[in-house]
Enquirer: 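I'd like to ask some things about the structure below.
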There are 2 protein chains.
Amino acid sequence: MAGDGVNGVRKAGKTYERIIEHLRGEISSRRLRPGDRLPPETDLARSLGVSRPTVREALKVLESQNVLSSSTGPTGGTFVEAIDGAGVAEYLKDSISLLLDVDELTLPELWQAREITDIPAAELAAARRTDQDVFVIEKTVDMDEHKEGVAIVSDISFHRAVAEASKNRMLSLFASSIHMTLRTLAERYIIPEDVLPEVKRISQQQHRLVFEAIANRDGATAAARMREHLQLSYGVYEQAMPRRWNCTPDF
Amino acid sequence: MAGDGVNGVRKAGKTYERIIEHLRGEISSRRLRPGDRLPPETDLARSLGVSRPTVREALKVLESQNVLSSSTGPTGGTFVEAIDGAGVAEYLKDSISLLLDVDELTLPELWQAREITDIPAAELAAARRTDQDVFVIEKTVDMDEHKEGVAIVSDISFHRAVAEASKNRMLSLFASSIHMTLRTLAERYIIPEDVLPEVKRISQQQHRLVFEAIANRDGATAAARMREHLQLSYGVYEQAMPRRWNCTPDF
DNA sequence: TAGAAGCATTTGTTTGACAAATTATCGTGG
DNA sequence: CCACGATAATTTGTCAAACAAATGCTTCTA
């Protein structure tokens with residue numbers, strides 16, 4: 001009978017959901033590790049006592065969650081991905097974009113959340129940064145200065161590097177998801193060309209000021225300068241984005 | 001030929017991924033709205049020119065993302081869920097738990113992120129609260145006082161209510177995901193009985209102090225008292241949780 | 001009218017097959 | 001011996017048809 005295990009014992013829930021839970025459990029307990037290759041779908045189905053389409057429903061869900069990946073061919077198959085914040089942030093970005101689309105989230109809310117994450121990130125980075133972090137952050141500042149014609153507000157590598165230097169992966173995940181969402185928005189709605197050069201110049205300058213405070217381990221200054229920088233940047237977003245996103249009164 | 005559309009035009013990507021994008025697009029553009037019922041899988045498959053198993057792979061992915069839901073029977077089918085932060089927070093909770101399990105995130109990191117979200121949430125709530133918010137928050141404080149035998153640290157309704165009062169749905173989403181994760185942890189690792197009553201008493205008291213500051217629209221005090229409260233609570237978690245999570249040096 | 005049996009509808013699952021993509025293999029020619 | 005191209009093998013991707021299970025509705029009966 002469908003839904004029965006090897007001993008004929010009916011388990012709770014839908015079969016493909018049990019398979020998802022099973023595989024997640026194998027990863028949680030590290031019996032499955034990043035890079036491991038799962039058996040071919042047909043073997044997996046047989047060993048789990050279910051059909052291949054059912055197994056596939058579970059695999060596709062875990063793929064969408066960036067937990068597994070698959071490819072065809074003899075060296076292909078289904079592999080366990082690295083379990084880290086990057087995959088979650090990627091997923092979160094899509095969810096946030098959808099919330100914006102259906103007006104269950106506004107740009108001011110998103111931007112305020114960015115302030116709430118990015119400012120402490122800068123402060124923490126000043127306290128915890130390594131010399132390697134300083135090197136990486138400065139490189140993103142220099143890169144900005146030599147890049148031409150690209151809207152600086154869509155360049156998130158600096159903020160990403162700062163968040164990484166905070167050594168808090170939860171904070172970094174939240175910040176990344178917001179950064180990626182804003183980049184997607186910036187790609188859709190181009191910043192007016194006339195204000196761009198001036199904005200870019202000031203933004204670069206501010207990036208450098210934040211960087212210097214972090215390099216000097218001056219958390220308070222890093223936070224203050226990050227705040228100034230975000231306030232300028234928000235003005236640019238506010239101008240470029242469609243009116244319907246600017247709908248909360250007190251921000 | 002497989003992968004061809006109705007006009008014989010091959011589209012890019014895998015079929016089930018195109019279906020996911022299609023349905024997400026229908027929701028983004030509001031041609032599909034929450035509560036809408038999709039055609040039966042077999043009809044949907046026919047109208048998309050694909051097979052039912054392929055449609056199902058897409059539907060199962062969207063179900064796992066809390067975008068769709070399904071049930072059997074004549075009044076059942078596949079329905080568009082409410083697109084809001086709740087579904088995303090639910091998903092995020094599971095992802096955070098997995099990151100903790102595989103040591104790609106530590107409890108101190110998670111807790112620090114909680115401070116970074118919950119303290120501004122309290123400050124914002126003081127500025128933006130409505131009378132209705134005050135009513136709701138006070139009810140959670142009173143509930144705590146009358147509840148017996150439950151670890152107060154696992155009771156997140158107060159913090160949820162504060163985050164809601166902040167009127168920032170992005171912040172509320174982040175906070176909810178952390179709260180839910182911590183509740184799951186608290187359910188797994190019971191707080192020692194001997195310290196519980198005292199912790200509970202103090203925690204209740206602190207909840208009330210935060211509440212009063214929010215009711216008085218005193219943001220600075222609300223933030224300060226929330227900080228004190230979280231510092232106490234963290235000590236309890238730190239004692240109860242397995243040693244392996246306490247592994248960052250400077251927190 | 002109330003309850004129970006049967007019916008219709010929809011998702012859940014199975015089986016089997018073929019298509020497409022990709023790499024390994026092997027033979028052939030230089 | 002090496003390069004290279006055709007071929008075979010492996011794995012995921014897709015399709016087809018059917019039956020099982022769940023659920024609400026209808027209808028028949030007491």
Side-chain angles (χ1 to χ4, degrees), chain A residues 1-6 8-23 32 35-81, chain B residues 1-6 8-23 32 35-81:
Chain A
M1 177 186 272
D4 287 1
V6 287
V9 179
R10 165 84 56 115
K11 305 245 183 96
K14 299 167 189 172
T15 304
Y16 75 89
E17 286 176 346
R18 291 208 327 267
I19 298 171
I20 293 173
E21 284 313 302
H22 170 70
L23 290 174
L32 277 177
D36 284 358
R37 177 182 173 175
L38 271 62
E41 291 174 355
T42 172
D43 294 8
L44 194 55
R46 194 166 38 77
S47 76
L48 292 173
V50 300
S51 69
R52 197 178 149 220
T54 302
V55 165
R56 276 182 65 85
E57 287 176 7
L59 294 180
K60 294 304 117 184
V61 166
L62 291 171
E63 272 183 53
S64 82
Q65 299 175 351
N66 301 308
V67 170
L68 299 177
S69 66
S70 59
S71 55
T72 63
T75 62
T78 304
F79 295 87
V80 180
E81 287 287 284
Chain B
M1 177 187 271
D4 287 0
V6 287
V9 179
R10 163 87 53 121
K11 306 246 182 94
K14 299 167 189 171
T15 304
Y16 74 89
E17 287 176 346
R18 291 209 327 268
I19 299 171
I20 292 173
E21 284 314 303
H22 170 70
L23 290 174
L32 278 177
D36 284 357
R37 177 182 175 175
L38 272 61
E41 291 175 356
T42 172
D43 294 8
L44 193 54
R46 193 165 39 77
S47 75
L48 292 174
V50 300
S51 69
R52 198 179 149 217
T54 302
V55 164
R56 276 183 64 85
E57 287 177 8
L59 295 180
K60 294 304 117 182
V61 166
L62 292 170
E63 272 183 54
S64 82
Q65 298 175 352
N66 301 308
V67 170
L68 299 178
S69 66
S70 60
S71 54
T72 62
T75 61
T78 304
F79 295 87
V80 180
E81 287 287 284

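Numbers restart at 1 for each chain; the letters A, B, ... are given by sequence-line order, proteins then strands.
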Enquirer: A/Thr15 side chain N/O closer than 4.0 Å to the phosphate oxygens (OP1, OP2) of C/dT13?
Expert: yes
Enquirer: Is the distance from OP1 or OP2 of D/dT11 to the nearest side-chain N or O of A/Ser70 less than 4.0 Å?
Expert: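 No, no such contact exists.
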Enquirer: Counting heavy atoms from C-beta on, name the nucleotide in D/dA16, D/dC25, D/dT14 closest to the side chain of B/Thr75.
Expert: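 Comparing D/dA16, D/dC25, D/dT14 against the side chain of B/Thr75, the answer is D/dC25.
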Enquirer: Testing the basics here: between B/Gly35 and B/Phe79, what is the closest heavy-atom pair and its distance to 0.1 Å?
Expert: O-CD2, 3.8 Å
Enquirer: Check the phosphate of D/dC15 against B/Ser51, side-chain N and O only, distance under 4.0 Å to OP1 or OP2. Yes or no?
Expert: yes
Enquirer: Rounded to the nearest Å, what distance is computed from the CD atom of residue A/Glu41 to the C1' atom of nucleotide C/dC18?
Expert: 15 Å
Enquirer: For A/Ser71 and for A/Pro53, locate the closest nucleotide of DNA chain D by heavy-atom distance; then report the residue assigned to the nucleotide nearer the 5' terminus.
Expert: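 Looking at the nearest nucleotide for each, A/Ser71 comes out on the 5' side.
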Enquirer: Between A/Lys60 and D/dT12, is there a contact of a side-chain N or O with OP1 or OP2 at under 4.0 Å?
Expert: no
Enquirer: With respect to the side chain of A/Glu57, which nucleotide from D/dA16, D/dT14, C/dT13 is positioned closest?
Expert: C/dT13
Enquirer: Test for a donor-acceptor pair under 3.5 Å between the base of C/dG16 and the side chain of A/Arg52, counting only N and O atoms.
Expert: no
Enquirer: Any salt bridge between B/Arg18 and B/Glu21, counting N to O under 4.0 Å?
Expert: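 No salt bridge links B/Arg18 with B/Glu21.
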Enquirer: The side chain of A/Pro74 is closest to which nucleotide in this list: D/dC15, D/dA9, C/dT10?
Expert: D/dA9
Enquirer: If you check the A/Thr72 side chain, which of C/dT14, D/dT11, C/dT10 turns out closest?
Expert: D/dT11
Enquirer: With the side chain of A/Pro40 defined as its heavy atoms from C-beta on, choose the nearest nucleotide among D/dG13, D/dT11, C/dG12.
Expert: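 Among D/dG13, D/dT11, C/dG12, the one nearest the side chain of A/Pro40 is D/dT11.
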Enquirer: Between A/Glu17 and B/Gly76, which has a closest nucleotide on DNA chain C that is more 5'?
Expert: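 Counting from the 5' end, the first nearest nucleotide belongs to B/Gly76.
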Enquirer: Can you confirm whether the side chains of A/Thr78 and A/Glu41 place a donor and an acceptor under 3.5 Å from each other?
Expert: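 The answer is no; no qualifying pair exists.
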Enquirer: Name the residue closer to the 5' end of DNA chain C, choosing between A/Gly73 and A/Tyr16 according to the nucleotide with the nearest heavy atom.
Expert: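 The answer here is A/Tyr16.
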Enquirer: Which residues pass the salt bridge (Lys or Arg N to Asp or Glu O under 4.0 Å) test with A/Glu81, sequence neighbours left out?
Expert: none
Enquirer: For residues A/Ser64 and B/Ser64, determine if any side-chain heavy atom of one lies less than 4.5 Å from a side-chain heavy atom of the other.
Expert: yes
